[in-house]
Peer 1: 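The structure's right below; bear with me while I get my questions together.
Since the structure is predicted, the reported quantities are computational estimates derived from the model, not experimental observations.
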Number of protein chains: 2
Amino acid sequence: MFSIGDLSRRTGVKVPTIRYYEQMGLVAAPERSEGNQRRYSRQELERLAFIRHARDLGFAVEDIRSLIELSGHPDQPCGHADKIAGEQLISVREKIAQLKRLETELERIASCCDGRTVGDCYVIRALSDHALCADEHG
Amino acid sequence: MFSIGDLSRRTGVKVPTIRYYEQMGLVAAPERSEGNQRRYSRQELERLAFIRHARDLGFAVEDIRSLIELSGHPDQPCGHADKIAGEQLISVREKIAQLKRLETELERIASCCDGRTVGDCYVIRALSDHALCADEHG
DNA sequence: TCTTGAAGCTCTAGTGACTAGAGCAATTAT
DNA sequence: ATAATTGCTCTAGTCACTAGAGCTTCAAGA
């Protein structure tokens, strides 16, 4: 059996976050020790590692809830899991595209400033006047 | 003079968000009509457009506060504005790098699934077992 | 001038995914 | 036995909004 601190160390999920997940119903409430402390099994460790991994990959908690629910029914078709992962991939790609546009704009803004006074500052001027932007963003 | 709705239409900032910015002290409380409705000048319109633009570029509200403060002192050196923009650029680049790693991982996960049952599903397996990942992420 | 419907007002609470802190109790190591 | 660490619950805060209730004001047409 693992204490909540063991679990935290082994999964990289912080202790208050584990309790928060329990409160949200993402992980089940575990056994308790005589002194009312949480005691986790290896299975619960694995579930938390799963959650951690999915969060790292940017899945929303609601998506993770669906994936956990699915993983409890190994005999069903996995189209739904595929769909969740595919949507996540699309959303990641969109975020990358958006951030690249921002990167371009920020490069232009930051490089054009000649570093004199705020009155001449290209950073401030560019923010004041969207027309200075090379292309649309946001 | 513009009503809050006019301002919203012209800047693309939603009405409740404008009121929220006022509450946060990011925009000053404007004049009021006889019937207590907000009435904005062109200057206030421009400030809101500045804020909108900066938010689109991913600046945090606190950064925007600094940039506004700076823009009120056009005779000072603009190193600080440069610094804020430069840091924002770095942070955008880091986010892009991170998201690209996730993209690679998700591509692998989503493409390997042969679409049969959850028991065989690579999406679920990959999430359960970080060791299946090609490289580190998160 | 009256009326109607859109737009505005304030206030409170909710979102997502945690994080921080207070004030205790239990466990572990020495 | 004692001290340090870890754990407990509970409340509230974070960020940047968003939603809703219940009311008032405004602008345009009849």
Peer 1: Starting from P on D:dT9, measure out to CD1 on A:I4 and report it in whole angstrom.
Peer 2: 8 Å
Peer 1: Are A:E44 and A:L7 side-chain neighbours, meaning at least one heavy-atom pair lies under 4.5 Å?
Peer 2: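 Result no, sub-4.5 Å side-chain heavy-atom pair not found.
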Peer 1: Side-chain N or O of B:Y21 less than 4.0 angstrom from OP1 or OP2 on D:dC17?
Peer 2: yes
Peer 1: What's the CD-P distance between A:E34 and C:dT27, to the nearest Å?
Peer 2: 8 Å
Peer 1: In whole angstrom, give the distance that lies between atom OH of B:Y20 and atom P of D:dA19.
Peer 2: 15 Å
Peer 1: Could you check A:R9 against B:P16 and say which one's nearest nucleotide on DNA chain D is further toward the 5' end?
Peer 2: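 Looking at the nearest nucleotide for each, A:R9 comes out on the 5' side.
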Peer 1: Between B:R39 and B:P30 (side chain of the first, backbone of the second, donor and acceptor by atom type, cut-off under 3.5 Å), is there such a pair?
Peer 2: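 No.
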Peer 1: What I want to check is whether the side chains of B:S91 and B:E94 have a donor and an acceptor closer together than 3.5 Å.
Peer 2: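 Side-chain D/A pair, B:S91 to B:E94: absent.
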Peer 1: For D:dC8, does either OP1 or OP2 sit under 4.0 Å from a side-chain N or O belonging to A:R38?
Peer 2: yes
Peer 1: Rounded to the Å, how far apart are A:N36 CG and D:dC10 P?
Peer 2: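 Checked: the CG to P distance equals 10 Å.
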Peer 1: Using OP1 and OP2 only, check whether a side-chain N or O of B:T17 sits under 4.0 Å from D:dT18.
Peer 2: yes
Peer 1: Distance check needed: D:dT9 C1' versus A:I18 CD1, whole Å only.
Peer 2: 16 Å
Peer 1: Of A:E62 and A:G35, whose closest DNA chain C nucleotide lies nearer the 5' terminus?
Peer 2: A:E62
Peer 1: Atom CD of A:Q37 and atom P of C:dT27: how far apart are they, to the nearest Å?
Peer 2: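 Whole-Å distance recorded here is 5 Å.
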Peer 1: Are OP1 or OP2 of C:dG8 and a side-chain N or O of B:S3 less than 4.0 angstrom apart?
Peer 2: yes
Peer 1: Verify the contact: side-chain N or O of A:S33 to OP1 or OP2 of C:dA26, cut-off strictly under 4.0 Å; return yes or no.
Peer 2: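 For C:dA26, OP1/OP2 do not have a side-chain N/O of A:S33 under 4.0 Å.
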Peer 1: Under 3.5 Å, side chain of B:R42 to main-chain N/O of B:E46, donor-acceptor pair present?
Peer 2: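 Not confirmed, B:R42 side chain does not pair with B:E46 backbone.
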Peer 1: Round to a whole Å and report the spacing from CZ of A:R19 to P of C:dA20.
Peer 2: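 Atom-to-atom, A:R19 to C:dA20, this comes out as 13 Å.
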Peer 1: Just call it for A:R55: base, sugar-phosphate, or nothing, with non-hydrogen atoms closer than 4.0 Å on any strand.
Peer 2: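 Contact class for A:R55: sugar-phosphate only.
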Peer 1: Looking for any heavy atom pair under 4.0 Å, which part of the strands does A:R32 touch: base, sugar-phosphate only, or nothing?
Peer 2: sugar-phosphate
Peer 1: Rounded to whole angstroms, how far apart are CD1 on A:I64 and C1' on C:dC18?
Peer 2: 13 Å
Peer 1: Would one find a side-chain N or O of B:K14 under 4.0 angstrom from OP1 or OP2 of D:dC17?
Peer 2: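 Looking at the OP1 and OP2 atoms of D:dC17, neither is under 4.0 Å from any side-chain N or O of B:K14.
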Peer 1: Side chains of A:I68 and A:I51: does their closest heavy-atom pair fall under 4.5 Å?
Peer 2: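 A side-chain contact exists here, since the closest heavy-atom pair is under 4.5 Å.
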